[in-house]
Amino acid sequence: MSETVLQAGVDVAGLSFEPVAVSEPLMWLVLAAFLGSSLVAVYDDGLARPVATAGWVLFGAYWLVLAPHFILIQKSVIEGLGSVAAVPLSLYAGYLLWNGRESLLVLTRAIGVMGLIYVPFLTIAPLREAIIESVTDQVAFLMTLVGHDPLVVDGLSHSGIEITGKQYPYENTFWFEGEGRPITYTIILACTGIGSISIFAGGILAVDAPWRRKLRTLAVTVGIIYVLNLFRNVIIGLAFGLQKAQFFEGAIMTLFGISDPRLVSYYIVDRILAQTGSVLVLVALTWVLMRELPELAVIVEDLLYLVTGTEYDLGATFEADETDPGTPTPGDD
């Protein structure tokens with residue numbers, strides 16, 4: 001932390017661990033393997049399985065490399081546990097696929113499509129800047145609607161931080177003038193919702209269903225996630241900037257290993273409440289979307305099998321709920 005500015009929301013990868021050096025090549029290899037297996041599957045299912053299996057092994061290695069970043073740097077319980085759990089789950093998926101569970105090729109394709117959507121925002125600076133500044137402007141507007149108008153500054157000139165993994169020469173930082181040091185809340189790529197959007201888009205576009213129904217489901221999903229994410233940023237930014245969640249300071253500081261008590265609001269609202277809420281919302285959204293697009297069940301069934309070892313037949317459940325056997329569904333062909 002700076003001696004003059006207390007900042008949260010900033011990407012601090014590189015303070016003590018730099019995952020990009022190793023994780024970025026792995027990311028490209030995973031994407032190549034997953035998309036390659038999908039292309040190969042068009043001509044030869046037998047060859048697609050070993051290509052996809054190699055991708056799952058690399059995917060496990062990718063999460064293994066990122067785990068220390070989420071645990072030690074981001075201090076995110078949910079992301080940390082998720083990245084650790086993803087290592088054995090990825091290897092298990094590769095094992096199951098290698099041994100004949102070909103339904104996992106759909107999940108493999110979904111992750112490949114997700115990467116096609118997300119990676120450009122991660123690697124192309126103008127695209128990343130455009131979405132970050134757009135979200136920042138919209139969050140600023142929503143803050144004014146509830147009676148708050150913090151100054152918006154650029155993350156490079158006003159961060160006050162000498163050593164960071166990344167700094168941003170464009171306006172993406174909310175500056176709150178409080179007692180003592182100013183507090184800043186910075187919108188980074190992870191705050192834009194593009195990660196969650198790409199996950200759902202990958203699943204929706206990967207399944208075998210009529211395009212009209214897939215595009216309709218995709219439009220609704222993107223809209224819901226984007227709007228909810230804006231409100232999430234408003235709540236986190238104001239709760240932290242205005243110090244509205246200073247509860248259990250000693251326990252929170254010990255739990256997350258922080259030294260400045262004013263960061264308590266940020267960790268409570270973002271790392272605990274918002275991240276937990278996001279998981280619950282995404283699970284609920286998945287359930288709702290399967291009613292519109294039952295074909296998504298094949299992905300959810302495989303994910304549940306990886307976690308629980310139990311087979312589920314969600315597809316039959318949702319198709320039975322939504323389809324009258326005597327009435328054709330119009331507009332799906």
Side-chain angles (χ1 to χ4, degrees), residues 5-14 19-20 66 69-70 73-80 82-83 114 117-144 146 148 150-156 158-159 161 164-176 183-201 221-242 244-245 263 265-279 281-282:
V5 177
L6 183 65
Q7 182 160 356
V10 68
D11 185 350
V12 293
V20 175
L66 284 183
H69 170 69
F70 288 124
I73 304 303
Q74 296 285 48
K75 293 183 173 65
S76 171
V77 176
I78 290 178
E79 290 173 322
S83 59
M114 179 199 75
I117 297 169
Y118 182 74
V119 168
F121 290 94
L122 186 66
T123 58
I124 301 174
L127 194 59
R128 183 170 62 251
E129 177 179 345
I131 191 172
I132 288 175
E133 286 202 319
S134 176
V135 168
T136 302
D137 291 342
Q138 291 158 21
V139 170
F141 173 73
L142 290 174
M143 285 183 177
T144 63
V146 293
H148 299 281
L151 182 66
V152 180
V153 299
D154 66 76
L156 177 64
H158 301 274
S159 68
I161 294 179
T164 60
K166 292 179 182 177
Q167 293 186 353
Y168 305 87
Y170 45 85
E171 292 188 349
N172 64 333
T173 298
F174 294 93
W175 181 285
F176 294 87
I183 295 175
T184 63
Y185 175 65
T186 297
I187 301 293
I188 61 173
L189 187 63
C191 304
T192 64
I194 189 62
S196 297
I197 289 172
S198 65
I199 290 172
F200 277 89
T221 303
V222 170
I224 290 173
I225 293 175
Y226 192 84
V227 170
L228 288 177
N229 182 69
L230 291 178
F231 285 106
R232 170 184 171 273
N233 277 298
V234 170
I235 293 170
I236 294 172
L238 291 179
F240 174 53
L242 302 176
K244 295 297 186 180
L263 280 168
S265 286
Y266 177 75
Y267 278 91
I268 287 179
V269 179
D270 180 52
R271 294 295 192 257
I272 298 177
L273 298 180
Q275 290 190 2
T276 302
S278 295
V279 171
V281 167
L282 294 181

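The analysis underlying the following values was restricted to heavy atoms, covering all of them including side chains, and did not include hydrogens, waters or symmetry mates.
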Got [X] and [Y] here, is their nearest side-chain heavy-atom distance under 4.5 Å?
X: Ile236; Y: Tyr266; answer: yes
X: Arg128; Y: Leu122; answer: no
X: Thr186; Y: Ile188; answer: yes
X: Val135; Y: Tyr226; answer: yes
X: Met143; Y: Leu238; answer: yes
X: Arg232; Y: Asp270; answer: yes
X: Thr136; Y: Ile132; answer: yes
X: Ile183; Y: Phe240; answer: yes

### Task
Look at the aromatic rings of Tyr185 and Phe174 and report parallel, tilted or perpendicular, splitting at 30° and 60°.
parallel

Closest approach of [X] and [Y], non-hydrogen atoms and distance?
X: Gly193; Y: Ile225; value: O-CG2, 4.1 Å
X: Glu171; Y: Glu133; value: N-OE2, 3.1 Å
X: Asn233; Y: Cys191; value: ND2-O, 2.7 Å
X: Ala239; Y: Ser265; value: O-CB, 3.5 Å
X: Phe176; Y: Gly237; value: CZ-O, 3.5 Å

Distance check, rounded to the nearest 0.5 Å: [X] atom [atom1] versus [Y] atom [atom2]?
X: Leu189; Y: Ile194; atom1: CG; atom2: CD1; value: 7.5 Å
X: Gln275; Y: Tyr267; atom1: CD; atom2: OH; value: 10.5 Å
X: Ile131; Y: Ile187; atom1: CD1; atom2: CD1; value: 11.5 Å
X: Leu228; Y: Leu282; atom1: CG; atom2: CG; value: 9.0 Å

### Query
Distance-only, no hydrogens or angles: does the Thr276 side chain make a donor-acceptor pair with backbone N or O of Leu273 under 3.5 Å?
no

### Task
Using modelled atom types only, decide if a donor and an acceptor are shared between the side chain of Asn229 and the backbone of Thr192 within a distance under 3.5 Å.
yes

### Task
Would you sort out whether Thr184 and Thr173 count as a side-chain hydrogen bond (donor to acceptor under 3.5 Å, both in side chains), showing the intermediate values?
CA-CA 6 Å; Thr184 63; Thr173 298; 5.9 Å; no

### side-chain hydrogen bond (donor to acceptor under 3.5 Å, both in side chains) between Ser134 and Gln138, worked out
CA-CA 6 Å; Ser134 176; Gln138 291 158 21; 2.9 Å; yes

